[in-house]
Amino acid sequence: MNPPRLAQSARAAALLAARWLLAAGFGLAALLAVPLAALIGASAQRAMELPSVQSLYDGRDLGSMTALDESGTIIGVRGQRYTPIKAEDASPALIDAVLAIEDRRFYWHMGVDPIGLARALMVNWQSRRYAQGGSTITQQVAKLAFLSRARRLKRKLREVPYALAMEFSYSKDEILSIYLNRAYLGAGSYGFEAAAQTYFGTSVRDLSAAQSAILAGLLRAPSRWSPRTDTDGARSRAEIVLAAMVEAGRLSDTEHRAALAELANWQQPHQADLAPYLVDYAQDEAAQIAESADPQGHWPRDLFVQTTLDFTIQHAAEQAIETIFASRVKEGSQAEAAMVITDPEGAVKAMVGGRDYALSQFNRASTAQRQLGSSFKPIIYAAALEAGAAPNDWVHDAPVVVDGWKPRNYTRRYRGWIPMSQALAISSNAAAVRLFEGAGAERVASLATQFGFERPEPFPSLSLGVLEASPLELAGAYGVFLRSGLSGQSYAVTRISDRKGRVLWVRPSPGREPVIRASTAENLITMMQQVVMSGSGRRAQLGTRPVAGKTGTSQKARDAWFAGFTADYVGVVWMGYDDNRELTGVVGGGLPADIWREAMTPLHAEKPETALPARPIPPPGPKPHYAPTDRRVATGQAQRQQKKKKKKRFSLRDLFKRGSSTGRRDSSFFERQRQERFDR
């Protein structure tokens, strides 16, 4: 074969190859034309359907409640937290961290990144599992805003037309803004602004490189690397983000070392809730208000709730419980404590629902129903005074039997005839039973309801405080005495507004109804002052400042209470076990009174000593010289024999006898009670 023919053969072969390549290209183009046209058509259709950018910012299912203290400072947030932010307003360090770990070519691709997709496919092929995603930030926005989060091929394919449509309709900064607002970052926080407030107590505008790395590290697994639950894990993940920032050229070596040093010194995440138990209670109270004020549910999803909390008082209550448990309670004890402090009008100034909110969110201050024990006795004494008794009447502190029930004094000691005021001071059970029987069980049960408790069964055991209530309810009841007998419930919410500051609800002025006479309240305050001055509540004394209160210890010492008030505050302390075990060596006049004093002392340090609305009690008249007859149950043959006997006239003097400095008696109360209860 000569050279010319060789050249002709080569040209022919090249021409044939070119023809085949051209045919293959046209074939491939024809093959891709249909899906490409479909993709373009789908993208165009999506582009016409896309909403405004701002409407895509909020990706929550529910709203949020932001609680403020009385000065307007945020004390906690509940629900799904969200605060809008634009990408251009965020810290440059945050933008660099997000792009470095999620989508380094974000500003260069058109919504889909073939290079990143190929890399992800290679990693997944080598690991034989789904180890890395190839989605761009635009694709992730499509998933968050329009599609499900299931890891399926069908969903991945549907991301593409949405991504192309958004790239055509929105700017890069707008797409990034949607992403920064919709991303869930744990702890109920949607968006980086809410997360920055939750974890660091600052805005995204002020985030450092280390803080930005922590937040960016949450994008893939907010629960796994949460700073709230795993500080070391969050730090390790942030180091990976910082390394990616260096690799992407978004962080210099000097800045990298400074960020690592900041991470090394970072220990505890910001705790946004300054009074977590009260924030929980305010959320429940606000929900009830919203349901009542707007039954149709037209209120905005994000509410700002002004509460009555005073953080100085809250801190004093928390410190008091911590101090007493650290110094007076055995280490490792599982005993719990709760405390409520209100002002005289019932506004909750502090609420501690347990020793550690992180370990238990159960609010023992507002939700727990525990037996009141002797802290209920002032209600019984109020019923007796309302029925016509006087605080200087004599009552018999001696063993008593009522329908076969034989209650005993806590100390098993009895003092015979003593004035009512002294009976309350020493917390005599026998005297309380006799007063309960004299006033009438129905009267006591009805009065308890007016004091704010759920109506109890009028059983004789009510005289020893078997009624169950929360510390918050007991604080509301004791406030009646301080308000000279006027009604009123404890509350924590004063105003509700929306995100724009539009006021939706303001607490109206309370309508006070008389529960007991002012004179009854004043007499009881005097008697309750004696509890603190010389009775079972002596450890609650605040120097010379007037204090009134009552101790309480339930059956088998399962609950220990001290409830008391000054002219400025009402405070209630409870101690006990969640599983209702018996306390060891704890009574209401012991550690609860110590906690009360520890909390109240700093609160009154700068306040003048204001007298309580009390009235002097005259000395009692001559002491009776007879033994009372107690009501007993007679059944069967004994009952029939009793009917045959001459009916003995029963006088209420067997329960208590009115006395005065002159020894005069007004028998109207006794005669009325005799006719109603015993002469039948």
Side-chain angles (χ1 to χ4, degrees), residues 68-73 75 274-279 281-282 307-328 337-355 364-366 375 471-472 474-483 488 490-492 494 525 528-529 531-533 537-551 561-575 588-614:
L68 315 171
D69 69 4
E70 63 179 6
S71 66
T73 302
I75 58 175
L274 300 180
Y277 290 106
L278 185 129
V279 174
Y281 177 75
T307 73
T308 55
L309 179 87
D310 184 321
F311 184 67
T312 300
I313 301 176
Q314 176 71 23
H315 180 69
E318 292 175 350
Q319 285 295 115
I321 293 176
E322 183 178 342
T323 299
I324 296 302
F325 268 81
S327 61
R328 305 287 304 280
M339 185 172 192
V340 173
I341 299 177
T342 74
D343 69 9
E345 295 302 311
V348 178
K349 296 301 180 180
M351 177 179 287
V352 184
R355 293 172 60 189
R364 299 158 189 84
S366 65
S375 62
L472 186 65
L474 187 58
Y478 275 42
V480 172
F481 301 130
L482 195 52
R483 289 188 294 271
S490 301
Y491 63 91
T494 57
I525 289 176
M528 294 168 74
Q529 282 185 276
V531 173
V532 177
M533 288 188 294
R538 288 188 297 272
R539 283 161 67 165
Q541 293 177 3
L542 299 177
T544 58
R545 182 178 298 275
V547 176
K550 184 67 186 77
T551 59
W561 300 81
F562 182 82
F565 51 87
T566 65
D568 302 294
Y569 300 110
V570 180
V572 175
V573 178
W574 166 86
M575 280 187 65
L591 296 183
D594 291 338
I595 293 173
W596 193 94
R597 184 192 66 250
E598 190 75 21
M600 290 296 182
T601 297
L603 301 184
H604 291 85
E606 304 298 328
K607 290 183 177 294
E609 291 189 3
T610 305
L612 288 166

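No experiment lies behind these values; they were computed from the predicted model shown.
- Residues satisfying the side-chain hydrogen bond (donor to acceptor under 3.5 Å, both in side chains) criterion with D568, sequence neighbours excluded, are absent altogether.
- With a 4.5 Å cut-off on side-chain heavy atoms, F562 and M575 do not count as touching.
- With contacts defined as side-chain heavy-atom distances shorter than 4.5 Å, the pair L482/L612 qualifies.
- Checked against side-chain hydrogen bond (donor to acceptor under 3.5 Å, both in side chains), Q541 has no partners two or more places apart in sequence or in another chain.
- Looking at F565 and I525, their side chains come closer than 4.5 Å, going by heavy atoms from C-beta outward.
- Taking the salt bridge (Lys or Arg N to Asp or Glu O under 4.0 Å) definition, one finds that R483 meets it with nothing, sequence neighbours left out.
- Scanning all heavy atoms of the two residues, the minimum distance from A599 to A317 falls at CB-CA, 4.1 Å.
- For T342, the side-chain contact (heavy atoms from CB on, under 4.5 Å) test picks out V340, V348, A475, S490, V570, with sequence neighbours left out.
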*asked:* Go through it in stages, so that I can follow the logic: the residues are M600 and I341, the test is side-chain contact (heavy atoms from CB on, under 4.5 Å), and I'd like the CA-CA distance, side-chain angles, deciding distance and then a yes or no.
replied: CA-CA 9 Å; M600 290 296 182; I341 299 177; 4.2 Å; yes
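- Residues satisfying the side-chain hydrogen bond (donor to acceptor under 3.5 Å, both in side chains) test with R538, not counting sequence neighbours, are none.
- Here the shortest heavy-atom pairing between P471 and A365 reads CD-O, 3.4 Å.
- Take L68 and apply the side-chain contact (heavy atoms from CB on, under 4.5 Å) test, not counting sequence neighbours, and it matches T66, I74, Q306.
- Between F311 and D69, the shortest heavy-atom distance links the atoms CB-OD2, 4.5 Å.
- The side-chain contact (heavy atoms from CB on, under 4.5 Å) test applied to A563 returns L474, Y478, V572, not counting sequence neighbours.
- Partners of E318 by side-chain hydrogen bond (donor to acceptor under 3.5 Å, both in side chains), not counting sequence neighbours, listed by chain and number: Q314.
- For the residue pair I321 and A337, the shortest heavy atom distance occurs at CG2-CB, 4.1 Å.
- For F325, there are no ring pair (Phe, Tyr, Trp, His ring centres under 6.0 Å) partners, not counting sequence neighbours.
- Of the possible donor and acceptor atoms, one in the side chain of W596 sits under 3.5 Å from a partner among the backbone N and O of G571.
- A 4.5 Å side-chain heavy-atom check between D594 and E598 finds every atom pair outside the cut-off.
- For D310, the salt bridge (Lys or Arg N to Asp or Glu O under 4.0 Å) test picks out no residue, with sequence neighbours left out.
- Here the CG-NE2 distance, from L542 to H604, works out to 6.5 Å after rounding to the nearest 0.5 Å.
- For the atom pair L309 CG and T494 OG1, the distance stands at 11.0 Å (nearest 0.5 Å).
- E322 is linked by a salt bridge (Lys or Arg N to Asp or Glu O under 4.0 Å) to nothing, counting only residues two or more places apart in sequence or in another chain.
- Closest of all the heavy-atom pairs between E70 and T308 is OE1-O, 3.7 Å.
- Here E345 pairs with R512 under the salt bridge (Lys or Arg N to Asp or Glu O under 4.0 Å) rule; sequence neighbours left out.
- In this structure the side chain of K607 never reaches within 4.5 angstrom of the side chain of T566, judged on heavy atoms.
- A pairwise comparison of heavy atoms in T610 and R545 identifies N-NH1, 4.1 Å as the closest pair.
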*asked:* Let's go through R364 and Y277 carefully: what are the C-alpha distance in whole Å and the side-chain angles of both, what is the deciding distance for side-chain contact (heavy atoms from CB on, under 4.5 Å) to 0.1 Å, and is it a yes or a no?
replied: CA-CA 9 Å; R364 299 158 189 84; Y277 290 106; 4.0 Å; yes
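- Considering CZ of R539 and OG1 of T551, their distance stands at 11.5 Å, rounded to 0.5 Å.
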